[in-house]
Amino acid sequence: MELSISEFAHRYDVEMASVETYAKNGLIGHLTAESQAVVLDDTDRFWLNTIDSFLETGTPMSELKTVLKRCHP
């Protein structure tokens, strides 16, 4: 099921600003073909937790992008 950023944040009780930031940086979600809006699905919850873990250990966003692209193209 595809969710908007606000639906995703509400469903998983996470801060919308974090979801927006991660989506803007291409770490979670994907763009729809027709409207170019970011949509997320249930698998993005796993990636959100992974991103949070890396950021908590001090991994810079630029490095995180490189690491996640190898794991989650």
Check your understanding: CD1/Ile28 to CG/Leu48 distance, rounded to the nearest 0.5 angstrom?
Key -> 5.5 Å
Exercise for review: Run the numbers on His10 and Leu3 for side-chain contact (heavy atoms from CB on, under 4.5 Å), then give the verdict.
Suggested key: CA-CA 10 Å; His10 178 70; Leu3 304 166; over 6 Å; no
Practice item. Might you point out which heavy atoms bring Ala9 and Glu15 nearest each other, and give the distance in Å? Key: CB-C, 4.4 Å
Check your understanding: If you look only at pairs with a residue in residues 46-64, which of them pass as a salt bridge (charged side-chain N to carboxylate O under 4.0 Å, His left out), with sequence neighbours excluded?
Key -> none
**Study point:** Under 3.5 Å: donor-acceptor pair, side chain of Asn25, backbone of Thr21
**Key:** yes
Study note, to complete from the structure: For Ile5 and Glu20 the tightest heavy-atom approach is CG2-CG, 3.6 Å
Check your understanding: Which pair of heavy atoms, one from Thr43 and one from Trp47, lies closest together, and at what distance?
Key -> O-CD1, 3.3 Å
Practice item. Starting at CZ of Arg45, measure out to OG1 of Thr50 and round the result to the nearest 0.5 Å. Key: 10.0 Å
Practice item. Please collect all ring pair (Phe, Tyr, Trp, His ring centres under 6.0 Å) contacts where either partner lies in residues 11-30, sequence neighbours excluded, each pair once. Key: Phe8-Tyr12
**Study point:** Pair listing, salt bridge (charged side-chain N to carboxylate O under 4.0 Å, His left out) test, anchored in residues 3-13, at least two apart
**Key:** Arg11-Asp42
Check your understanding: Is a side-chain N or O of Asp44 found less than 3.5 angstrom from the main chain of Gly29, in a donor-acceptor match?
Key -> yes
Point to revise | Lys24: side-chain hydrogen bond (donor to acceptor under 3.5 Å, both in side chains) partners, not counting sequence neighbours | key: none
Practice item. Give the intermediate values and the outcome of side-chain contact (heavy atoms from CB on, under 4.5 Å) for residues Lys65 and Leu27. Key: CA-CA 7 Å; Lys65 287 180 185 183; Leu27 300 175; 3.8 Å; yes
Exercise for review: Just do the side-chain contact (heavy atoms from CB on, under 4.5 Å) check on Val67 and Thr59 with the steps written out, would you?
Suggested key: CA-CA 10 Å; Val67 170; Thr59 303; 5.7 Å; no
**Study point:** Shared hydrophobic cluster for Val39 and Val14 (ILVMFWY, side-chain gaps under 4.5 Å)
**Key:** no
